[in-house]
Protein chains: 2
Amino acid sequence: MSHGHEVELADVHADTARAVAETMQALAAPSRVRILSHLGAGACSVTELAAAVGMGQPAVSQQLRVLRHLGLVTGTREGRRVVYQLHDPHVRALLEEAISHTEHIRLGLNGHVAEASVVVA
Amino acid sequence: MSHGHEVELADVHADTARAVAETMQALAAPSRVRILSHLGAGACSVTELAAAVGMGQPAVSQQLRVLRHLGLVTGTREGRRVVYQLHDPHVRALLEEAISHTEHIRLGLNGHVAEASVVVA
DNA sequence: GTAACGCATGCACACATGCTTATGCAACCA
DNA sequence: TGGTTGCATAAGCATGTGTGCATGCGTTAC
(Lines give C-alpha, C1' and ligand atoms only; values in the text may rest on other atoms or scores of the structure.)
Protein backbone atom coordinates (compact mmCIF):
# COMPACT_ATOMS: atom_id res chain seq x y z
CA MET A 1 0.00 0.00 0.00
CA SER A 2 2.40 2.58 -1.15
CA HIS A 3 1.67 3.11 -4.82
CA GLY A 4 -0.81 5.92 -4.11
CA HIS A 5 -3.51 6.15 -6.74
CA GLU A 6 -5.63 8.85 -5.09
CA VAL A 7 -5.64 10.03 -1.51
CA GLU A 8 -3.49 7.67 0.49
CA LEU A 9 -4.52 8.14 4.06
CA ALA A 10 -1.47 6.36 5.36
CA ASP A 11 0.76 8.73 3.42
CA VAL A 12 -0.61 11.84 5.05
CA HIS A 13 2.52 13.09 6.70
CA ALA A 14 3.57 16.18 8.59
CA ASP A 15 3.11 18.75 5.83
CA THR A 16 -0.30 17.62 4.64
CA ALA A 17 -1.47 17.06 8.18
CA ARG A 18 -0.44 20.58 9.11
CA ALA A 19 -2.22 22.04 6.12
CA VAL A 20 -5.40 20.10 6.84
CA ALA A 21 -5.31 21.02 10.50
CA GLU A 22 -4.78 24.66 9.66
CA THR A 23 -7.69 24.73 7.25
CA MET A 24 -10.01 22.72 9.44
CA GLN A 25 -9.34 25.02 12.31
CA ALA A 26 -11.42 27.55 10.45
CA LEU A 27 -14.38 25.37 11.35
CA ALA A 28 -13.12 24.64 14.85
CA ALA A 29 -14.59 27.78 16.42
CA PRO A 30 -18.33 28.35 16.80
CA SER A 31 -18.01 31.99 15.88
CA ARG A 32 -16.34 31.20 12.57
CA VAL A 33 -18.87 28.51 11.77
CA ARG A 34 -21.67 30.97 12.33
CA ILE A 35 -19.93 33.63 10.28
CA LEU A 36 -19.36 31.23 7.41
CA SER A 37 -22.89 29.88 7.55
CA HIS A 38 -24.32 33.37 7.51
CA LEU A 39 -22.15 34.26 4.53
CA GLY A 40 -23.45 31.10 2.93
CA ALA A 41 -26.86 32.76 2.88
CA GLY A 42 -25.46 35.77 1.08
CA ALA A 43 -22.68 38.34 1.20
CA CYS A 44 -22.85 41.08 3.80
CA SER A 45 -20.83 43.63 5.69
CA VAL A 46 -18.94 43.30 8.95
CA THR A 47 -21.47 45.18 11.04
CA GLU A 48 -24.36 43.14 9.67
CA LEU A 49 -22.38 40.02 10.39
CA ALA A 50 -21.63 41.12 13.92
CA ALA A 51 -25.29 41.76 14.60
CA ALA A 52 -26.34 38.48 12.98
CA VAL A 53 -24.04 36.27 15.02
CA GLY A 54 -24.19 38.36 18.17
CA MET A 55 -20.53 39.26 18.46
CA GLY A 56 -18.60 42.44 18.82
CA GLN A 57 -17.41 44.10 15.65
CA PRO A 58 -13.69 43.74 16.43
CA ALA A 59 -14.14 40.05 17.14
CA VAL A 60 -15.83 39.57 13.79
CA SER A 61 -13.10 41.49 12.00
CA GLN A 62 -10.49 39.31 13.61
CA GLN A 63 -12.19 36.06 12.64
CA LEU A 64 -12.74 37.38 9.13
CA ARG A 65 -9.04 38.05 8.99
CA VAL A 66 -8.35 34.44 9.84
CA LEU A 67 -10.84 33.21 7.28
CA ARG A 68 -9.32 35.50 4.66
CA HIS A 69 -5.82 34.20 5.22
CA LEU A 70 -7.14 30.67 4.98
CA GLY A 71 -8.66 31.57 1.63
CA LEU A 72 -12.22 30.85 2.70
CA VAL A 73 -13.72 34.32 2.35
CA THR A 74 -12.99 37.48 0.42
CA GLY A 75 -13.66 41.08 1.35
CA THR A 76 -14.52 43.78 -1.15
CA ARG A 77 -14.75 47.46 -0.41
CA GLU A 78 -18.10 49.01 -1.32
CA GLY A 79 -18.28 52.61 -0.33
CA ARG A 80 -17.29 52.70 3.29
CA ARG A 81 -18.38 49.18 3.93
CA VAL A 82 -16.49 45.99 3.25
CA VAL A 83 -18.68 43.23 1.91
CA TYR A 84 -17.56 39.71 2.63
CA GLN A 85 -18.53 36.55 0.83
CA LEU A 86 -17.43 32.94 0.59
CA HIS A 87 -14.42 32.64 -1.64
CA ASP A 88 -15.97 29.98 -3.85
CA PRO A 89 -18.77 27.38 -3.84
CA HIS A 90 -16.30 24.83 -2.57
CA VAL A 91 -16.26 26.52 0.81
CA ARG A 92 -19.99 26.26 1.04
CA ALA A 93 -19.76 22.58 0.21
CA LEU A 94 -17.11 22.09 2.87
CA LEU A 95 -19.29 23.74 5.47
CA GLU A 96 -22.37 21.78 4.52
CA GLU A 97 -20.44 18.55 4.68
CA ALA A 98 -19.01 19.48 8.03
CA ILE A 99 -22.51 20.04 9.36
CA SER A 100 -23.77 16.85 7.79
CA HIS A 101 -20.93 14.76 9.13
CA THR A 102 -21.28 16.30 12.55
CA GLU A 103 -24.97 15.48 12.74
CA HIS A 104 -24.26 11.95 11.60
CA ILE A 105 -21.57 11.47 14.19
CA ARG A 106 -23.58 13.14 16.93
CA LEU A 107 -26.26 10.48 16.55
CA GLY A 108 -23.86 7.75 17.59
CA LEU A 109 -22.94 9.71 20.70
CA ASN A 110 -26.45 9.86 22.12
CA GLY A 111 -27.18 6.53 23.71
CA HIS A 112 -24.06 4.41 23.76
CA VAL A 113 -20.78 6.17 24.12
CA ALA A 114 -19.43 3.86 26.76
CA GLU A 115 -20.35 0.85 24.70
CA ALA A 116 -18.05 2.00 21.95
CA SER A 117 -14.96 2.31 24.08
CA VAL A 118 -14.02 -0.49 26.37
CA VAL A 119 -11.47 1.46 28.26
CA VAL A 120 -13.12 4.55 29.62
CA ALA A 121 -16.22 5.37 31.58
CA MET B 1 -36.02 30.63 3.28
CA SER B 2 -36.97 29.10 6.53
CA HIS B 3 -38.79 25.94 5.59
CA GLY B 4 -35.59 23.92 5.80
CA HIS B 5 -35.54 21.13 3.28
CA GLU B 6 -31.97 20.08 3.97
CA VAL B 7 -29.14 21.99 5.56
CA GLU B 8 -30.06 25.62 6.01
CA LEU B 9 -26.79 27.45 6.39
CA ALA B 10 -28.46 30.61 7.62
CA ASP B 11 -30.16 28.66 10.36
CA VAL B 12 -26.98 27.32 11.86
CA HIS B 13 -27.22 28.86 15.29
CA ALA B 14 -25.30 28.58 18.52
CA ASP B 15 -25.98 24.92 19.27
CA THR B 16 -25.24 23.54 15.83
CA ALA B 17 -22.26 25.81 15.44
CA ARG B 18 -20.85 24.58 18.71
CA ALA B 19 -21.35 20.97 17.73
CA VAL B 20 -19.72 21.47 14.35
CA ALA B 21 -16.81 23.35 15.87
CA GLU B 22 -16.33 20.66 18.46
CA THR B 23 -16.30 17.89 15.89
CA MET B 24 -14.14 19.75 13.41
CA GLN B 25 -11.62 20.44 16.08
CA ALA B 26 -10.74 16.79 15.86
CA LEU B 27 -9.17 17.61 12.51
CA ALA B 28 -7.72 20.90 13.71
CA ALA B 29 -4.55 19.38 15.12
CA PRO B 30 -1.84 17.83 12.94
CA SER B 31 -1.29 15.00 15.38
CA ARG B 32 -4.95 13.95 15.29
CA VAL B 33 -5.05 14.17 11.51
CA ARG B 34 -2.06 11.88 11.30
CA ILE B 35 -3.53 9.49 13.84
CA LEU B 36 -6.83 9.32 11.99
CA SER B 37 -5.15 8.92 8.64
CA HIS B 38 -3.02 6.10 9.94
CA LEU B 39 -6.08 4.40 11.38
CA GLY B 40 -7.65 4.87 7.97
CA ALA B 41 -5.06 2.44 6.68
CA GLY B 42 -6.02 -0.14 9.27
CA ALA B 43 -6.61 -0.63 12.96
CA CYS B 44 -3.62 -0.75 15.25
CA SER B 45 -2.48 -0.32 18.82
CA VAL B 46 -1.39 2.78 20.68
CA THR B 47 2.30 1.99 20.61
CA GLU B 48 2.24 1.27 16.90
CA LEU B 49 0.40 4.51 16.38
CA ALA B 50 2.91 6.43 18.45
CA ALA B 51 5.79 5.05 16.44
CA ALA B 52 4.01 5.68 13.16
CA VAL B 53 3.27 9.32 13.76
CA GLY B 54 6.40 10.02 15.76
CA MET B 55 4.81 11.05 19.02
CA GLY B 56 5.16 10.01 22.60
CA GLN B 57 2.79 7.33 23.82
CA PRO B 58 1.01 9.51 26.39
CA ALA B 59 0.41 12.17 23.77
CA VAL B 60 -1.19 9.60 21.50
CA SER B 61 -3.34 8.25 24.31
CA GLN B 62 -4.51 11.75 25.08
CA GLN B 63 -5.49 12.49 21.48
CA LEU B 64 -7.16 9.10 21.18
CA ARG B 65 -9.19 10.02 24.21
CA VAL B 66 -10.37 13.16 22.48
CA LEU B 67 -11.19 11.27 19.31
CA ARG B 68 -13.07 8.67 21.34
CA HIS B 69 -15.23 11.23 23.06
CA LEU B 70 -15.97 12.81 19.71
CA GLY B 71 -17.10 9.41 18.48
CA LEU B 72 -14.53 9.20 15.71
CA VAL B 73 -12.59 6.18 16.89
CA THR B 74 -13.18 3.16 19.08
CA GLY B 75 -10.76 1.20 21.22
CA THR B 76 -11.00 -2.51 21.84
CA ARG B 77 -8.95 -4.46 24.29
CA GLU B 78 -7.00 -7.36 22.77
CA GLY B 79 -4.82 -9.04 25.29
CA ARG B 80 -2.78 -6.29 26.84
CA ARG B 81 -3.04 -4.06 23.85
CA VAL B 82 -5.87 -1.75 22.90
CA VAL B 83 -6.58 -1.74 19.21
CA TYR B 84 -8.06 1.43 17.83
CA GLN B 85 -9.98 1.89 14.63
CA LEU B 86 -12.17 4.45 12.93
CA HIS B 87 -15.65 4.32 14.37
CA ASP B 88 -17.31 3.94 10.99
CA PRO B 89 -16.62 4.53 7.28
CA HIS B 90 -18.16 7.97 7.59
CA VAL B 91 -15.13 9.15 9.53
CA ARG B 92 -12.87 8.04 6.76
CA ALA B 93 -14.99 9.94 4.27
CA LEU B 94 -14.86 13.04 6.44
CA LEU B 95 -11.10 12.87 6.61
CA GLU B 96 -10.69 12.32 2.90
CA GLU B 97 -12.96 15.24 2.14
CA ALA B 98 -11.08 17.42 4.56
CA ILE B 99 -7.84 16.61 2.77
CA SER B 100 -9.42 17.13 -0.62
CA HIS B 101 -10.98 20.45 0.32
CA THR B 102 -7.75 21.60 1.89
CA GLU B 103 -5.75 20.85 -1.23
CA HIS B 104 -8.34 22.62 -3.33
CA ILE B 105 -8.28 25.68 -1.15
CA ARG B 106 -4.51 25.67 -0.84
CA LEU B 107 -4.22 26.09 -4.61
CA GLY B 108 -5.94 29.46 -4.46
CA LEU B 109 -3.52 30.61 -1.79
CA ASN B 110 -0.39 30.11 -3.86
CA GLY B 111 -0.11 33.03 -6.23
CA HIS B 112 -2.68 35.65 -5.43
CA VAL B 113 -3.76 36.05 -1.87
CA ALA B 114 -3.66 39.83 -1.88
CA GLU B 115 -5.76 39.89 -5.00
CA ALA B 116 -8.54 38.14 -3.18
CA SER B 117 -8.76 40.54 -0.30
CA VAL B 118 -8.82 44.23 -0.98
CA VAL B 119 -8.22 45.26 2.54
CA VAL B 120 -5.13 43.57 3.78
CA ALA B 121 -1.59 43.03 2.61
C1' DG C 1 -12.33 71.96 5.87
C1' DT C 2 -14.80 69.03 9.95
C1' DA C 3 -17.85 65.51 11.55
C1' DA C 4 -19.72 60.86 11.35
C1' DC C 5 -19.60 56.22 9.87
C1' DG C 6 -17.29 51.58 8.98
C1' DC C 7 -13.73 48.59 9.50
C1' DA C 8 -9.04 47.20 10.99
C1' DT C 9 -5.55 46.98 14.49
C1' DG C 10 -2.95 46.91 19.10
C1' DC C 11 -3.11 45.63 23.59
C1' DA C 12 -4.31 42.96 27.60
C1' DC C 13 -6.37 39.17 29.67
C1' DA C 14 -8.77 34.71 30.51
C1' DC C 15 -8.97 30.39 28.76
C1' DA C 16 -8.10 26.30 26.22
C1' DT C 17 -4.49 23.08 23.90
C1' DG C 18 -0.83 19.88 23.32
C1' DC C 19 3.26 17.99 24.72
C1' DT C 20 6.57 15.96 28.25
C1' DT C 21 7.75 13.67 32.60
C1' DA C 22 6.35 10.72 36.11
C1' DT C 23 3.18 7.51 37.96
C1' DG C 24 -0.76 4.17 38.37
C1' DC C 25 -3.34 0.23 36.70
C1' DA C 26 -4.45 -3.92 34.00
C1' DA C 27 -3.06 -7.99 31.49
C1' DC C 28 0.36 -11.58 30.05
C1' DC C 29 4.66 -14.33 31.34
C1' DA C 30 8.10 -17.06 34.01
C1' DT D 1 4.11 -14.32 42.83
C1' DG D 2 7.02 -11.08 40.98
C1' DG D 3 8.37 -9.00 36.77
C1' DT D 4 7.34 -7.07 32.34
C1' DT D 5 4.69 -5.10 28.70
C1' DG D 6 0.94 -1.78 27.22
C1' DC D 7 -2.02 1.80 28.02
C1' DA D 8 -4.23 5.42 30.78
C1' DT D 9 -3.85 9.20 33.86
C1' DA D 10 -1.98 13.26 36.72
C1' DA D 11 0.63 17.30 36.99
C1' DG D 12 3.25 20.98 34.91
C1' DC D 13 4.59 23.98 31.43
C1' DA D 14 4.73 26.48 27.07
C1' DT D 15 1.99 28.07 23.56
C1' DG D 16 -2.03 29.32 21.02
C1' DT D 17 -6.71 31.18 20.86
C1' DG D 18 -10.83 34.27 21.34
C1' DT D 19 -12.74 38.31 23.12
C1' DG D 20 -13.43 43.21 24.90
C1' DC D 21 -11.52 47.63 25.11
C1' DA D 22 -9.52 51.57 23.10
C1' DT D 23 -7.63 53.56 19.10
C1' DG D 24 -6.20 54.49 14.23
C1' DC D 25 -7.10 54.74 9.23
C1' DG D 26 -10.07 55.29 5.22
C1' DT D 27 -14.44 56.83 3.29
C1' DT D 28 -18.58 59.51 2.80
C1' DA D 29 -21.52 63.48 4.11
C1' DC D 30 -22.09 68.26 5.26
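Within every chain, numbering begins at 1; the chains are lettered A, B, ... in the order of the sequence lines, protein sequences first and strands thereafter.
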*Asks:* Counting just side-chain N and O atoms, does B:Y84 come under 4.0 Å of either OP1 or OP2 of D:dG6?
*Replies:* no
*Asks:* Would you be so kind as to tabulate the donor-acceptor pairs closer than 3.5 Å made by side chains of residues 49-59 of chain B, with sequence neighbours excluded?
*Replies:*
{"residue": "B:Q57", "atom": "NE2", "partner": "B:S61", "partner atom": "OG", "Å": "3.2"}

*Asks:* Sequence neighbours left out, what passes side-chain contact (heavy atoms from CB on, under 4.5 Å) with B:S45? Give chain and number order.
*Replies:*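 Applying side-chain contact (heavy atoms from CB on, under 4.5 Å) to B:S45 gives B:T47, B:E48, B:R81.
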*Asks:* In terms of side-chain geometry, is the basic nitrogen of B:R18 or B:E22 positioned less than 4.0 Å from the acidic oxygen of its partner?
*Replies:*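 No.
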*Asks:* Measure CG/B:L49 against P/C:dC19 and give the value in whole Å, please.
*Replies:* 12 Å
*Asks:* Between the protein and nucleotides 14-19 of chain D, list every N/O to N/O distance that falls short of 3.5 Å.
*Replies:*
{"residue": "D:dT17", "atom": "OP1", "partner": "A:Q25", "partner atom": "OE1", "Å": "3.4"}
{"residue": "D:dG18", "atom": "OP1", "partner": "A:R32", "partner atom": "NH1", "Å": "3.2"}
{"residue": "D:dG18", "atom": "OP1", "partner": "A:R32", "partner atom": "NH2", "Å": "2.7"}
{"residue": "D:dG18", "atom": "OP2", "partner": "A:R32", "partner atom": "NH1", "Å": "3.0"}
{"residue": "D:dT19", "atom": "OP2", "partner": "A:Q63", "partner atom": "NE2", "Å": "2.7"}

*Asks:* Measure CG/B:L27 against P/C:dG18 and give the value in whole Å, please.
*Replies:* 12 Å
*Asks:* For A:V20 versus B:A98, what's the shortest heavy-atom pair and its separation?
*Replies:*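 Nearest pair, atom of A:V20 first, then B:A98: CG1-CB, 4.2 Å.
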*Asks:* Kindly compute the distance separating OG1 (B:T23) from CG (B:L72), expressed to the nearest 0.5 Å.
*Replies:*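 One gets 7.0 Å once the value is rounded to the nearest 0.5 Å.
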*Asks:* Using the test ring pair (Phe, Tyr, Trp, His ring centres under 6.0 Å), find all partners of B:H90 that sit at least two apart in sequence or belong to another chain.
*Replies:*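 For B:H90 the ring pair (Phe, Tyr, Trp, His ring centres under 6.0 Å) partners, ignoring immediate neighbours, are A:H101, A:H104.
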*Asks:* Backbone N or O of B:L27 within a donor-acceptor pair of the B:R32 side chain at under 3.5 Å?
*Replies:*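 Side chain of B:R32 to backbone of B:L27, a donor-acceptor pair under 3.5 Å: no, none is there.
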*Asks:* What does the list of N/O pairs under 3.5 Å between the protein and nucleotides 23-26 of chain C look like, with a distance for each?
*Replies:*
none

*Asks:* Can you tell me how far C1' of D:dT5 sits from CD of B:E48, to the nearest Å?
*Replies:* 14 Å
*Asks:* With a 4.0 Å limit, can you tell me whether B:S45 has a side-chain N or O closer than that to the phosphate oxygens OP1/OP2 of D:dG6?
*Replies:*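 Answer no for this pair, as no side-chain N or O of B:S45 is under 4.0 Å from OP1 or OP2.
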*Asks:* In whole angstroms, how far is the P atom of C:dT17 from the CG atom of B:L70?
*Replies:* 10 Å
*Asks:* How close or far is atom P of D:dT28 from atom CD of A:E78, stated in whole angstroms?
*Replies:* 11 Å
*Asks:* Report the residue (A:G79 or B:R81) whose heavy-atom-nearest nucleotide on DNA chain D is the more 5′ of the two.
*Replies:* B:R81
*Asks:* Please enumerate all residues that pass side-chain contact (heavy atoms from CB on, under 4.5 Å) together with A:A17, with sequence neighbours excluded.
*Replies:*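 A:A17: side-chain contact (heavy atoms from CB on, under 4.5 Å) contacts with A:V12, B:P30, B:V33, B:R34.
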*Asks:* Could you tell me the separation between the CZ atom of B:R65 and the C1' atom of C:dT17, rounded to a whole number of Å?
*Replies:*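 Those two atoms, CZ and C1', are 14 Å apart.
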*Asks:* Testing the basics here: between B:G71 and A:I105, what is the closest heavy-atom pair and its distance to 0.1 Å?
*Replies:* O-CG2, 4.2 Å
